[in-house]
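Here the structure comes first, spelled out in structure tokens, and everything after it is commentary.
Scope of the values below: all heavy atoms of this structure, side chains included, with no hydrogens, waters or symmetry mates.
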Amino acid sequence: MAGRGDRLARFPDRDREPMTVRTRFAPSPTGLLHIGGVRTALYCWLYARRHGGTFVLRIEDTDRERSTDAAIEVILEGMQWLGLDADEGPFYQTRRYDRYREVLADFVARGHAYHCVCSKETLDEMRAAQIARKEKPRYDGRCRHLGIQKQAGVPSVVRFKNPEDGHVVVDDAVHGKVVFANAEMDDLIIERSDGNPTYNFCVVVDDWDMKITHVIRGDDHLNNTPRQINMLKALGATPPVYAHLPMILGADGTKLSKRHGAVSVLEYQDEGYLPEALLNYLVRLGWSHGDQEIFSLKEMTAAFDIADVNKAASAFNGDKLAWVNQQHLMRADATRLGALLGERLKALGVDPAGADLVAIAEAQRERAKTLKEMAENSRFFLERPAAYDEKAAKKHLSAEAAPILERLGAALGAATDWTAPALHALLNALATELGLTLGKIAQPLRVALAGNAVSPPIDATLAILGRDEVLARLSQASAYVRAAPGAPAG
RNA sequence: GUCCCCAUCGUCUAGAGGCCUAGGACAUUACCCUUUCAAGGUAGCGACACGGGUUCGAAUCCCGUUGGGGACGCCA
């Protein structure tokens, strides 16, 4: 496939390419940062890191009506949580208006842009008529050759004078060459009637000023690219390399929206996902490296290449995210996991003071998909069961469990070595002595300790709980069994 | 409607003309392991959208069809 070869040729190894890579993530704070944006940010970040380049963060807040501080907050906090650290920025477009006005004036002076006095009503009519004629709606350029001067009191916008003929070739790093006819494009507004510059113009000026070498962004911008290239040409600038990423769809295969999937990235933090797990899941959405599924940050940085990015959109799958998260939970540093578990327990209103959180986390890490789930499952380590799970009690704390619990209490009370291996041996010996399988004594014990039939291995559970607590819970369970209907008297 | 993009199991993907009887992962089913639940292991189910070409040979290259998506804003 020639295309693949071409793509590789455009992304040479850093050793052979002296140019310093500069990428940017340029979110708009008109909506909450969601996983689609995060994936774009991740690819930009990875590409910069992989090539020893610079990653720039730029907030595109020129839509003053809809930009919110809350959205900016989510972007900043989200990026920080994920560890997608910017080398430069955050830059805010609203703080660069002087610069845009400067370039704008230059465009007008050099005949690359012109004032247009068409009203919104005129434009609406024009559009409606074109749609009725089954044409592509676009500005017909009626003010283009009028040489209109800016006048006080007369509302006007500034439009970029797009070339009328010829073609623009976008040499995209993921899609290959995409050709657009200039005849398809109209003269876009670059300054609003209120004097504010617009997105397509600001991006061009910023990417140029910030010396961005690789523009990695969503597929939805592919159509904007030829007009941006035309503006770049008007500036006398060399266009950067473009890489347009396919979209991430919702779980049902339709576009992400507020209805499904498009939730703030911080919600994944709340749900108990590890940042590296979210990143791992996201990096594999649209990119692959052989059959590898689990990547550390280091591994994905070393392996990432735009040449391996897919062209087709992909659907978000929560099950797989959960699995990836569990894989990272199993690999994470135990001390860190213990600290995270502590925070989660506090969030549940449980005081983890004095508990061996690291030991609990190690016992739970392979049986939880999220930190939230881990905390919920670990509650019993810190709180005596207030009630027994009905099904579990019926099965394991029935009348016949009474003698077993008593023997357990006696044996554990006399244990000389309170460690998991020793306790394991003790339990095995007791089972043999009673002529029972280990399960027959472990399950009643488990319910007595955890309140239900599920817990980490019983020896580890005993070790973590400690002798005093174990004996206390055992006698509580014995009392429960004796009080239950049908229990032998005495 | 016009322009642009896309198309391999339910989902994420491998695939660079013969290595493909299409591989891996999630999910799912069964079994093994086992003190519960997990984790882990083994096996099963499951896809090249369709039609034409090019070629000795096509999942792979070309064209078309169909289907999906995006853009067409004084949004970004």
Side-chain angles (χ1 to χ4, degrees), chain A residues 1-5 26-31 60-63 65-67 116 118 120 123 127 130-138 155 157-159 170 172 175 178-181 183-186 188-194 196 198-200 202-203 218-226 244 246-247 249 251 253-255 281 284-294 310-324 326-327 330 364-369 377 392 396 424 427-428 431 437-443 445-447 450 452-459 461:
Chain A
M1 189 161 92
R4 178 66 72 94
S28 159
T30 52
E60 313 228 319
D61 53 353
T62 53
D63 184 348
E65 300 277 303
R66 279 178 282 186
S67 294
C116 164
C118 294
K120 285 184 185 175
L123 263 20
R127 236 189 306 276
Q130 286 161 333
I131 290 169
R133 273 182 267 131
K134 296 190 189 294
E135 286 170 15
K136 185 182 201 165
R138 75 246 261 210
V157 300
V158 177
R159 289 183 184 270
V170 178
D172 194 89
H175 291 278
V178 184
V179 183
F180 295 86
E184 288 292 332
M185 293 176 258
D186 64 359
L188 74 158
I189 291 172
I190 56 179
E191 186 187 78
R192 301 179 173 94
S193 51
D194 65 4
N196 288 317
T198 60
Y199 163 76
N200 272 296
C202 296
V203 181
D219 238 353
D220 47 340
H221 289 290
L222 185 53
N223 286 289
N224 288 326
T225 308
H244 286 97
M247 309 258 91
L249 275 18
T254 62
K255 195 185 153 115
Y281 174 71
R284 284 283 290 99
L285 228 45
W287 172 85
S288 60
H289 184 66
D291 284 339
Q292 190 171 350
E293 296 286 353
I294 302 301
N310 261 159
K311 293 197 264 202
S314 46
F316 179 83
N317 184 311
D319 282 340
K320 182 141 184 191
L321 202 214
W323 176 79
V324 171
Q326 182 172 34
Q327 294 298 314
M330 289 191 284
Q364 298 278 225
R365 69 200 314 173
E366 67 191 26
R367 57 202 95 232
K369 300 281 194 193
N377 294 343
H396 302 295
H424 191 185
L427 254 28
N428 266 332
T437 59
L438 184 54
K440 281 287 178 203
I441 66 170
Q443 280 311 87
L445 177 56
R446 193 184 307 280
V447 179
N452 64 52
V454 176
S455 88
I458 199 69
D459 49 2
T461 303

P atoms of B:A25 and B:U42, separation to the nearest Å: 9 Å

Which part of the nucleic acid does A:I458 contact within heavy-atom distance under 4.0 Å: base, sugar-phosphate only, or nothing? base

Collect all protein-nucleotide pairs involving nucleotides 45-48 of chain B in which both atoms are nitrogen or oxygen and the distance is under 3.5 Å.
none

Nearest-nucleotide 5' precedence on RNA chain B, A:R446 against A:M247: A:R446

When both hydrogen-bonding distances must be under 3.5 Å and the geometry is Watson-Crick or G-U wobble, what is B:A25 paired with, if anything? B:U11

Under 3.5 Å, which protein N or O atoms sit close to an N or O of nucleotides 21-24 of chain B? Give each pair with its distance.
residue : atom : partner : partner atom : Å
B:G23   : N2   : A:D291  : OD1          : 3.2
B:G24   : N2   : A:E293  : OE2          : 3.0

Considering only nitrogen or oxygen atoms on both sides, find all protein atoms under 3.5 Å from nucleotides 62-64 of chain B and state each distance.
none

Sequence-aligned protein contact record of nucleotides 71-76 of chain B, with B where the base is within under 4.0 Å of a protein heavy atom and S where only the sugar-phosphate is: SBBBSB

Below the 4.0 Å mark, does B:A14 have OP1 or OP2 next to a side-chain nitrogen or oxygen of A:S288? yes

Heavy atoms only, 4.0 Å cut-off, all strands: where does A:A453 land among base, sugar-phosphate and nothing? base

Give A:G218 one of three labels, base, sugar-phosphate or nothing, depending on what nucleic acid heavy atoms sit under 4.0 Å from its own. nothing

Just checking A:Q364: base, sugar-phosphate only, or nothing, at a heavy-atom cut-off of under 4.0 Å? nothing

Could you work out the separation of B:C19 and B:C3 based on their C1' atoms and round it to a whole Å? 41 Å

B:A49 and B:C31: how far apart are their C1' atoms, nearest whole angstrom? 36 Å

Of all the nucleotides listed (B:A27, B:U36, B:A38), which has the minimum atom distance to the side chain of A:E366? B:A38

Assign each of A:K134 and A:A312 to its nearest nucleotide of RNA chain B by heavy atoms, then name whichever residue's nucleotide is nearer the 5' end. A:K134

Suppose we screen for ring-ring contact (aromatic ring centres under 6.0 Å, His included). Which residues come up paired with A:H221, at least two apart in sequence or across chains? A:Y199

Spacing of the C1' atoms in B:A59 and B:G1 (rounded, Å): 34 Å

Quick one: which of B:C5, B:U36, B:C6 gets closest to the side chain of A:K311? B:C6

Looking for any heavy atom pair under 4.0 Å, which part of the strands does A:Y281 touch: base, sugar-phosphate only, or nothing? nothing

Under 4.0 Å, heavy atoms only, any strand: does A:M330 hit a base, just the sugar-phosphate, or nothing? sugar-phosphate

Contacts of type salt bridge (Lys or Arg N to Asp or Glu O under 4.0 Å), residue A:R159, not counting sequence neighbours: none

